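Everything numeric here is computed off the predicted structure, so don't read it as measured data.
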Amino acid sequence: MIHIVTSANRADYEPQIENDFRIRHDIYVGERKWMNLAKPDGRECDQFDNDDAIYLLAIEGQKVVGGSRLIPTLKPHLLDEVFPHLAQKGVPRAHNIYEWTRVHVIKERREGRNRGVALGSLFCGVLEYCLAHDVVALTALVEMWWLPHFHEMGWTLDPLGLPELINGEWSIAISLSIDRRTLETTREMFGIREPVLAPVARKAPSRIEVPA
């Protein structure tokens, strides 16, 4: 299931959030060598991991296997504060537009050509959340290799500017349109037939497992 964590219920999920910060560090620093994110405590978190952040955590049994982050674009966010020059068309801001960042799945749950059902569940969870909260678009800074995957899922993309080399990879700022069809085509791509979001009122598991 994909669990939604906000400032309202974060106290119930604090161990899971802390575990996910360490997973992020393992992936972005350890695997992908984004050394500007390296921290002595092994936690990858930034100035946008605050009360405005909405986390979607993939939890299987008692184990955090991936996550994602949404930020309202009317609040300070990565594209607006750090990379505004990549949005030559302007940074979209509205109450129904969110920024989408830090999409990740642990190595053990990346399977097959489309990187597995854990990633597909995260995608579907993000879309389900957006549709439930009348979010019509997401902004994101993505590596160029994501674009064909988004196209295969039937997503409608609008480049916000020209790509730039970031951390050794060509990356581009984009806007993603959200509608019911987007969710349906994404579910079809990953063979997901049911909603993936856990009830918001449900509390976090009482313990967690830290991936080896």
message: Apply side-chain contact (heavy atoms from CB on, under 4.5 Å) to residues Val105 and Ile27 and explain how you reach the verdict.
response: CA-CA 8 Å; Val105 173; Ile27 291 173; over 6 Å; no
- prompt: Do the non-hydrogen side-chain atoms of Val91 and Thr139 ever get within less than 4.5 Å of each other?
  reply: no
query: Going hydrophobic residue to hydrophobic residue with side-chain gaps under 4.5 angstrom, can you get from Val103 over to Phe48?
result: no
- request: Mind telling me whether His85 and Phe83 have parallel, tilted or perpendicular rings, with 30° and 60° as the class edges?
  value: tilted
- prompt: Does one hydrophobic cluster hold both Val196 and Leu70, with members joined at side-chain heavy-atom distances below 4.5 Å?
  reply: yes
- prompt: In the single-linkage hydrophobic clustering (I, L, V, M, F, W, Y; side-chain heavy atoms under 4.5 Å), do Ile71 and Val5 co-cluster?
  reply: no
task: Among Ile, Leu, Val, Met, Phe, Trp and Tyr joined by side-chain contacts under 4.5 Å, find the other residues sharing a cluster with Leu162 and list them by chain and number.
output: none
- prompt: Measuring from Asp41:CG to Arg22:CZ, what's the distance to the nearest 0.5 Å?
  reply: 6.0 Å
message: For a quick test of reading the model, state the closest non-hydrogen atom pair linking Met144 to Pro148 and the distance between them.
response: O-CD, 3.7 Å
field: Residues Lys63 and Glu108 bridged, charged N to O under 4.0 Å
entry: no
Over 12 foreign heavy atoms within 6.0 Å of CG, Asp51: no
- request: State plainly whether the residues Glu31 and Arg110 are in salt-bridge range, i.e. N to O under 4.0 Å.
  value: yes
query: Taking the side chain as C-beta and beyond, is there a heavy-atom pair between Val82 and Leu141 under 4.5 Å?
result: no
- request: Look up atom OH in Tyr13 and atom CD1 in Ile59, then write down how far apart they are to the nearest 0.5 Å.
  value: 6.0 Å
- prompt: Between Pro92 and Ile97, what is the shortest heavy-atom contact and its length?
  reply: CB-CD1, 4.1 Å
Aromatic ring pairing Trp145/His149, orientation class (parallel under 30°, perpendicular over 60°, tilted between): perpendicular
- prompt: Out of curiosity, Tyr55 OH to Asn9 CG, how far, rounded to the nearest 0.5 Å?
  reply: 12.0 Å
field: Side-chain heavy-atom pair Met153, Phe190 within 4.5 angstrom cut-off
entry: yes
- prompt: Could you go step by step and tell me if Ile192 and Phe123 meet the side-chain contact (heavy atoms from CB on, under 4.5 Å) rule?
  reply: CA-CA 11 Å; Ile192 295 171; Phe123 287 159; over 6 Å; no
Derivation of the side-chain contact (heavy atoms from CB on, under 4.5 Å) call for Ile178 and Tyr98: CA-CA 11 Å; Ile178 305 296; Tyr98 283 16; over 6 Å; no
query: Which heavy atom in Glu128 sits nearest to a heavy atom in Pro195, and how many Å separate them?
result: OE2-CA, 3.2 Å
field: Atom of Leu122, atom of Leu56 and distance for their closest heavy-atom approach
entry: CD2-O, 3.5 Å
task: Would you please test His104 and Asp20 for side-chain hydrogen bond (donor to acceptor under 3.5 Å, both in side chains) and show each step?
output: CA-CA 10 Å; His104 58 279; Asp20 197 54; 2.8 Å; yes
query: So do the side chains of Arg181 and Thr156 get within less than 4.5 Å of each other, counting heavy atoms only?
result: yes
Non-hydrogen side-chain atoms of Ile166 and Leu86 separated by less than 4.5 Å: yes
- request: Please report the C-alpha distance between Trp100 and Trp155 in whole Å, then the side-chain angles of each, then the deciding distance to 0.1 Å, and finally whether the ring-ring contact (aromatic ring centres under 6.0 Å, His included) criterion is met.
  value: CA-CA 14 Å; Trp100 185 28; Trp155 292 27; 5.7 Å; yes
query: Do Leu79 and Thr73 have side chains that get closer than 4.5 Å, going by heavy atoms?
result: no
- prompt: Just one of Arg10, Arg43, Arg24 clears the salt bridge (charged side-chain N to carboxylate O under 4.0 Å, His left out) bar with Asp49, so which one?
  reply: Arg24
Closest non-hydrogen atom pair between His25 and Gly42, with its separation: CB-O, 3.2 Å
- prompt: What distance separates His95 NE2 from His133 NE2, expressed to the nearest 0.5 Å?
  reply: 12.5 Å
query: More than 12 foreign heavy atoms under 6.0 Å from CD of Glu169: is that the case here?
result: yes
- request: Please confirm whether the backbone N or O of His77 pairs with a side-chain atom of Glu99, one donor and one acceptor, at under 3.5 Å?
  value: no
- request: Compute both the distance and the angle, then confirm whether Arg102 meets the cation-pi test with Tyr28: under 6.0 Å from the six-membered ring centre, within 45 degrees of the axis.
  value: yes
message: Return the CG to CG distance between Leu131 and Asp179, rounded to the nearest 0.5 Å.
response: 7.5 Å
Ile4 with Leu138, same ILVMFWY side-chain cluster at under 4.5 Å: yes
message: In the structure I gave you, are the side-chain heavy atoms of Asn96 and Asp134 within less than 4.5 Å of one another anywhere?
response: no
field: Student check: side-chain heavy atoms of Phe21 and Glu44 closer than 4.5 Å
entry: no
message: To check you understand the geometry: which heavy-atom pair defines the closest contact between Ala118 and Glu60, and what is its length?
response: CB-OE2, 4.1 Å
- request: Can you measure from CD1 (Ile174) to CG (Asp158) and round to the nearest 0.5 angstrom?
  value: 9.0 Å
task: Assess whether side-chain contact (heavy atoms from CB on, under 4.5 Å) is satisfied between Ile172 and Val142, documenting all intermediate values.
output: CA-CA 6 Å; Ile172 189 170; Val142 301; 4.1 Å; yes
- request: Please check if Met189 and Val126 belong to a single hydrophobic cluster, counting links between Ile, Leu, Val, Met, Phe, Trp and Tyr side chain heavy atoms closer than 4.5 Å.
  value: yes
